[in-house]
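All remarks here apply to the structure that follows.
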Protein chains: 2
Amino acid sequence: MVLTIRKPEIIAIARREGKVTVDGLVDHFGVTPQTIRRDLTELAETGELERVHGGAILPSTTVNIAYNERRMLNQASKVDIASACAKRIPNDCAIFLNIGTTTEAVASELLNHEGLLVVTNNINIANILSSSDQIDVIVTGGQLRRSDGGLIGDLAQNTINQFRFDYAIIGCSALRQNGDLMDFDMQEVSVSKTIIRQSDHVMLVADNSKFDRKAPAFVASMQSISTIVTDKSVPADCKTQCDVSGTDIVYASS
Amino acid sequence: MVLTIRKPEIIAIARREGKVTVDGLVDHFGVTPQTIRRDLTELAETGELERVHGGAILPSTTVNIAYNERRMLNQASKVDIASACAKRIPNDCAIFLNIGTTTEAVASELLNHEGLLVVTNNINIANILSSSDQIDVIVTGGQLRRSDGGLIGDLAQNTINQFRFDYAIIGCSALRQNGDLMDFDMQEVSVSKTIIRQSDHVMLVADNSKFDRKAPAFVASMQSISTIVTDKSVPADCKTQCDVSGTDIVYASS
DNA sequence: TAAATAATGTTCGTTTGTGATCGTTATCCT
DNA sequence: AGGATAACGATCACAAACGAACATTATTTA
């Protein structure tokens with residue numbers, strides 16, 4: 001057993017991207033392929049990764065493939081956004097993390113925070129955060145939606161109602177030009193509304209693609225949002241709306 | 001103790017960056033590599049960091065390793081027991097799966113059942129069952145216990161109270177010779193009691209090692225158990241008690 | 001202030017992770 | 001299918017990192 005200093009970062013990349021390549025890690029760490037191969041072999045021996053030709057992947061049992069692919073969408077933007085979001089969250093506070101791939105990225109970025117109480121209705125986030133002993137995780141109950149690991153239904157909502165949060169990190173399916181948050185799923189809408197009501201600061205994490213999408217159900221207007229963290233410049237209409245409602249806009253950069 | 005000033009800062013850096021290097025700390029503190037090595041060695045001895053060549057990393061995996069080892073204990077017996085248990089559970093019914101490595105094994109064996117509604121307070125079980133589209137999974141809320149993926153606290157109990165189960169599959173920390181189920185954790189005891197109260201059939205899964213153990217908290221007597229699934233023959237006292245209370249004994253065989 | 005103790009720096013022999021080479025094996029492409 | 005190409009694991013040499021022992025400096029205590 002050798003335990004290299006690169007191990008945690010390799011695991012983090014694998015968690016984030018679902019896989020790692022030898023070449024990618026060579027570029028990332030500036031070492032030879034041989035060294036990376038040794039690292040991956042070790043990680044495979046301890047069962048933390050599964051070795052494949054050219055790299056390694058997450059152990060197959062834990063991953064939902066369709067979901068994992070969606071997770072890869074705009075991966076780079078999501079990580080940037082998540083990182084910017086995590087930087088604005090202090091230690092020792094109570095936060096809620098909602099369903100969504102971007103909020104999952106935020107969870108990963110929060111792993112080095114201390115003294116957090118995190119409530120979530122996303123079982124993937126619970127899995128991610130369970131590796132930190134500095135973070136108390138509370139899971140809302142609810143029916144498990146296999147497509148994305150979300151917990152939905154009355155149970156979730158009732159649980160959320162019992163808490164007050166310093167920060168809520170939420171995503172949305174789509175953002176209208178006027179800054180309205182929209183979603184596909186009615187059940188999620190009522191959960192999101194509850195979260196917003198119970199939180200001092202509401203941070204919306206949304207990459208640029210949300211502006212091109214449509215979704216039927218109204219969640220909230222920009223007025224409810226304290227901060228929006230995104231990757232590229234937001235449409236003018238939305239920016240105006242943010243000014244009116246006093247919403248901070250944070251642009252993530254890599 | 002040598003480290004008075006640098007220790008908290010080293011830990012802080014490690015938490016923030018996921019790792020520390022000897023060189024980096026040398027620059028940071030303006031001391032010699034040897035001093036840093038001494039610091040890191042001490043931090044490693046107290047388990048606060050894990051030493052690697054060139055620096056140190058966070059010991060993030062320790063909890064999971066401990067649990068994984070426990071899961072492997074008596075693995076063969078557990079699979080046998082789980083298989084026998086799963087065979088006695090029909091399709092299209094509502095069941096509860098409690099915290100425990102053996103109940104996790106049962107979850108794996110249930111993957112080919114159809115039309116099940118499974119409620120669980122074990123996040124690992126939720127992960128396992130999420131790969132079947134024939135099983136509806138409901139997760140109780142609660143605080144996530146990192147050591148075993150259990151969800152505990154009032155939230156869990158309140159959720160369970162809202163359901164009635166055809167079958168409950170429960171484990172226990174120890175079984176007394178007279179057939180009393182015992183547990184280590186008071187919080188789990190009250191959850192288990194609730195489960196038993198809400199279920200038509202209660203199946204206890206317990207490998208033989210439970211008879212050799214002691215645990216302080218009383219969960220239930222054999223009278224509450226409909227079926228006990230185990231691997232080897234149970235002690236005479238316990239068997240008598242089963243006869244009295246009408247508890248079926250099922251011996252798993254591979 | 002002097003003695004005692006702890007912390008840090010220095011030196012040196014030892015360990016070990018890394019890179020290079022090479023023969024083998026898996027994957028890709030026609 | 002079968003050759004081309006890339007990835008792989010084993011082995012070895014080397015340099016960096018390591019720990020032990022001792023010297024030196026800071027800090028505490030009497």
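Here is the naming used below: chain letters follow the sequence lines, and residue numbers restart at 1 for every chain.
What separates CD of Q34(B) from C1' of dC12(C) is a distance of 11 Å, to the nearest Å. Taking atom CD of residue E42(B) and atom P of nucleotide dA6(C), one finds them 12 Å apart after rounding to whole Å. Following rounding to the nearest Å, F29(A) (CZ) and dT18(C) (P) show an atom-to-atom distance of 11 Å. Regarding H53(A), its NE2 atom lies at a distance of 9 Å from the P atom of dA26(C), rounded to whole Å. One interatomic measurement links the two molecules: CG of D39(B) to C1' of dG19(D), which rounds to 14 Å at whole-angstrom precision. Distance L25(A) CG to dC8(D) C1': 16 Å, rounded to the nearest Å. Taking atom CG on L40(B) and atom P on dT8(C), their separation rounds to 13 Å, with Å as the unit. Between R37(A) atom CZ and dA20(C) atom P there is a gap of 13 Å when expressed in whole angstrom units.
Using a 4.0 Å heavy-atom distance criterion, V52(A) is classed as a sugar-phosphate-only contact.
More than 12 heavy atoms of other residues, nucleotides or ligands lie within 6.0 Å of CZ in R145(A), so this atom counts as buried by the packing criterion. Within 6.0 Å of the CZ atom in R51(A), the count of heavy atoms belonging to other residues, nucleotides or ligands exceeds 12.
Counting only heavy atoms from C-beta outward, the side chains of I13(B) and H28(B) approach each other to under 4.5 Å.
Residue T35(B) places at least one side-chain N or O closer than 4.0 Å to OP1 or OP2 of dG9(C). Taking side-chain N and O atoms only, R51(B) has a distance below 4.0 Å to OP1 or OP2 of dG19(D). Of the side-chain N and O atoms in R6(B), one or more sit less than 4.0 angstrom from OP1 or OP2 of dT8(C).
The two residues T140(B) and V119(B) come nearest to each other via the heavy atoms CG2-CG1, 3.9 Å.
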Residues C238(A), F211(A); criterion side-chain contact (heavy atoms from CB on, under 4.5 Å); working and verdict:
CA-CA 10 Å; C238(A) 179; F211(A) 287 108; 4.1 Å; yes

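In the interface, the side chain of R38(B) is paired with the base of dG9(C) through a donor and an acceptor atom under 3.5 Å apart.
Residue V31(B) is the one, among P33(A) and V31(B), whose nearest nucleotide of DNA chain C lies closer to the 5' end (criterion: closest heavy atom).
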